[in-house]
Amino acid sequence: MCSTKELILYKNFENGRLFYGFTGLIEHCKDSSCDKAKMAEEYYICCHELVEIAVSHGFTGNLWHDFLAFLLVNNENAYSRTCEIKGDAEGTISRIARHDFAVFKNLFEFDLHKLETAFGVSEVDLITEYSSPKGAGKVFNQRIRNRICDLAAHLEAADDIESFQKAVTEFYRDFGVGKLGLHKAFRVEHTAKGAEIVPITNIAHVKLDDLIGYEIAKKKLIDNTEAFVNGREANNCLLFGDAGTGKSTSIKAVVNQYYEKGLRMIEIYKHQFQDLNDVIAQVKNRNYKFIIYMDDLSFEDFEIEYKYLKAVIEGGLEKKPDNILIYATSNRRHLVREKFSDKAELSDDLHNNDTVQEKLSLAARFGVQIYFGAPDKKEYHQIVKSLAFRNKITLEEEELLAKANQWELSHGGRSGRTAQQFINDLLGKEECS
């Protein structure tokens, strides 16, 4: 059997202790001189770790095979990064990968029941025929989790190394590799080593169709995003307007809609703008398209972070990478607070017009600006009726709209958010059904 020491590309695994612990058991299976008691102890430690991963990731079936498949799709190396979204890699790198896949194929083919005889352990069936409890798995969305389990089954059944490699490479093409491939959205954490891009595992699975109305606004957003993911010229995008009108929901929906085409989202706040260059440096050479998302972006006149953002968006010496756009939402069209004194003829500022233009220039960096206005009464009623229908609320229309009117008067006026809150309130009461 090929040793894991022969691996060339696939090293530095996130769960390396478990991998090398379990493969060590397999490689010592025929070693009569090994300490069987120590091997048995290691076996049960590995089983514990496998079950912990199964619960956190939602794996089921043969946990060892699921774990091996997870390592393959989570390991970022020269081959996997080359194949992400684009597919097959050619040349020597493909041959090197095939060498490593031969090692993994041997691990898939090994009968774990041999460990029972070799080390006197038991309960191998518990990890080869594992049934996942309901609700297990918070690390991935269910679709990705199922795809990893499916990949494990395909790799187990692979007839040869070529078909084994093809199955792994197709996964890289369809979903990508590592945290950037397996997750849709990310946040930024500042550490002693710099900016760390951390997956967000519970992003709301909203779609643009869930946002009622705003068809013109949604089309502008879709057109710009489709141009971006298809490699055409696209612009930074500012969604501005009244509160609760679906600006943030629209951006989340766009990421859900174009995830399979390689679109990812990184959320960043204005106090983290110092990390923007670091974040961009980490993703600029990957095969994904990244939206850097800034929610509720606005600046008071004494805040100077907007100057830094302007330089990052456009105007620095280094060209902004083609795989990165900035999407922002704001209640302010011009982002930086303006005062009447800015326009006054008498001012302590000798170049007052320059000051005004500097404040306006940040919004000008966004080539697409989309307005989301508060709905009128008719539009508000349509939103309420559509949400009620989706949630199977059976109140008579007249009563429903009368209650909706009462609700919006005491809850901040008409908006999609107000309508959703009203529906949520009805759902919590028996009278809605």
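Keep in mind the model is a prediction, meaning the values are calculated, not measured.
K220 contributes atom NZ, which lies 6.5 Å from atom CD1 of I370 (distance to the nearest 0.5 angstrom). Atom CG of D275 and atom CD1 of I280 lie 11.0 Å apart (nearest 0.5 Å). Taken to the nearest 0.5 Å, the CD atom of E408 stands 7.5 Å off from the OG1 atom of T418. With rounding to the nearest 0.5 Å, the separation of NE2 in H411 from CG in D425 is 7.0 Å. Atom CG of L238 sits about 11.0 Å away from atom CE of M294, to the nearest 0.5 Å. For the atom pair CG (L7) and NE2 (H99), the distance works out to 6.5 Å, reported to the nearest 0.5 Å.
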Q. What's the verdict on side chain to side chain donor-acceptor pair (under 3.5 Å) for Y327 and N224, showing C-alpha distance, side-chain angles and the deciding distance?
A. CA-CA 11 Å; Y327 280 20; N224 192 69; 2.9 Å; yes
Q) Between K166 and H154, does a side chain to side chain donor-acceptor pair (under 3.5 Å) hold up when you go through it step by step? A) CA-CA 10 Å; K166 181 181 178 182; H154 289 151; over 6 Å; no
Q: Decide salt bridge (Lys or Arg N to Asp or Glu O under 4.0 Å) for R286 and E76; before the verdict, give the C-alpha distance in whole Å, the side-chain angles of both, and the deciding distance to 0.1 Å.
A: CA-CA 11 Å; R286 300 300 293 267; E76 297 182 7; 3.2 Å; yes
(Q) I'd like to know whether E267 forms a side chain to side chain contact (heavy atoms under 4.5 Å, CB included) with K252, so could you lay out the CA-CA distance, the side-chain angles of the two residues, the decisive distance to 0.1 Å, and finally the verdict. (A) CA-CA 11 Å; E267 185 174 31; K252 294 173 186 175; over 6 Å; no
Q) Could you go step by step and tell me if F67 and E49 meet the side chain to side chain contact (heavy atoms under 4.5 Å, CB included) rule? A) CA-CA 10 Å; F67 175 66; E49 295 182 17; over 6 Å; no
Q: Go through the steps for E42 and R17 under the test salt bridge (Lys or Arg N to Asp or Glu O under 4.0 Å), then give the verdict.
A: CA-CA 11 Å; E42 177 66 16; R17 203 229 72 82; 3.1 Å; yes
Q: Evaluate the side chain to side chain contact (heavy atoms under 4.5 Å, CB included) criterion for residues L68 and F108: first the C-alpha distance (whole Å), next the side-chain angles of each, then the deciding distance (0.1 Å), finally the verdict.
A: CA-CA 8 Å; L68 290 176; F108 270 91; 3.7 Å; yes
Q) Going through the checks in order, is the side chain to side chain contact (heavy atoms under 4.5 Å, CB included) test met by D210 and T249? A) CA-CA 9 Å; D210 295 333; T249 298; 5.8 Å; no
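Of the possible donor and acceptor atoms, one in the side chain of E27 sits under 3.5 Å from a partner among the backbone N and O of T4. Checking side-chain atoms of D111 against main-chain N and O of H113 turns up a donor-acceptor pair under 3.5 Å. When atom types are taken as modelled, the side chain of K247 and the backbone of D242 share a donor-acceptor pair closer than 3.5 angstrom. The main-chain N or O of L297 is found under 3.5 Å from a side-chain atom of S330 such that the two form a donor-acceptor pair. Judged by distance alone, the side chain of D278 and the main-chain N or O of A195 form a donor-acceptor pair under 3.5 Å. Using modelled atom types, one side-chain atom of T60 and one backbone atom of Y130 make a donor-acceptor pair closer than 3.5 Å. Judged by distance alone, the side chain of R414 and the main-chain N or O of Y380 form no donor-acceptor pair under 3.5 Å. Judged by distance alone, the side chain of K179 and the main-chain N or O of I197 form a donor-acceptor pair under 3.5 Å. A donor-acceptor pair under 3.5 Å is absent between the side-chain atoms of S94 and the main chain of E90, judged by distance alone. With hydrogens and angles ignored, the 3.5 Å screen pairs no side-chain donor or acceptor of N331 with any backbone N or O of D296.
Donor-acceptor pairing under 3.5 Å is lacking for the side chains of N256 and K207. Residues Y293 and S248 bring a donor and an acceptor atom of their side chains to less than 3.5 Å of each other. Between the side chains of Q420 and N424, at least one donor-acceptor pair of N or O atoms lies under 3.5 Å. A donor-acceptor contact closer than 3.5 angstrom is absent between the side chains of S250 and Y214. Donor-acceptor pairing under 3.5 Å is recorded for the side chains of N74 and E14. There is no side-chain donor-acceptor pair under 3.5 Å between S80 and E84.
Summarising the local packing, NZ of K11 is surrounded by more than 12 heavy atoms from other residues, nucleotides or ligands at distances under 6.0 Å. Environment of CZ in R95: sparse, with no more than 12 heavy atoms of neighbouring residues, nucleotides or ligands closer than 6.0 Å. Within 6.0 Å of CG on N12 lie no more than 12 heavy atoms contributed by other residues, nucleotides or ligands. Atom OH of Y269 is surrounded by 12 or fewer heavy atoms from other residues, nucleotides or ligands within 6.0 Å.
Outside the 6.0 Å centre-distance limit, the rings of F372 and F240 are not counted as a close aromatic pair.
Side chains of I26 and W64 form a contact here, defined as non-hydrogen atoms less than 4.5 Å apart. Contact check for I326 versus F366: side-chain heavy atoms found under the 4.5 Å cut-off. N230 has its side chain out of reach of Y258: every pair of non-hydrogen atoms, C-beta onward, lies at least 4.5 Å apart. The shortest side-chain heavy-atom distance between F59 and I53 falls under the 4.5 Å cut-off. By the 4.5 Å heavy-atom criterion applied to side chains, L325 and C237 are not counted as neighbours. With a 4.5 Å cut-off on side-chain heavy atoms, L155 and H65 do not count as touching. Using a 4.5 Å cut-off on side-chain heavy atoms (C-beta onward), R264 and H183 make no contact. You'll find the side chain of V177 stays beyond 4.5 Å of the side chain of N75, heavy atoms only.
Using cut-offs of 30° and 60° on the angle between ring planes, the pair F13 and F104 is perpendicular. Ring geometry for Y79 versus F101: interplanar angle over 60°, hence perpendicular rather than tilted (30 to 60°).
A cation-pi geometry, defined here as NZ or CZ lying under 6.0 Å from the six-membered ring centre and within 45° of its normal, does not hold between K105 and F164.
Salt bridge status for R147 with D174: present, with a side-chain N to carboxylate O gap under 4.0 Å. Using a 4.0 Å cut-off between a side-chain N of Lys or Arg and a carboxylate O of Asp or Glu, E215 and K218 qualify as a salt bridge.
The shortest non-hydrogen separation linking F110 to C29 is CZ-SG, 3.9 Å. Between N287 and R81 the shortest heavy-atom distance is ND2-O, 3.1 Å.
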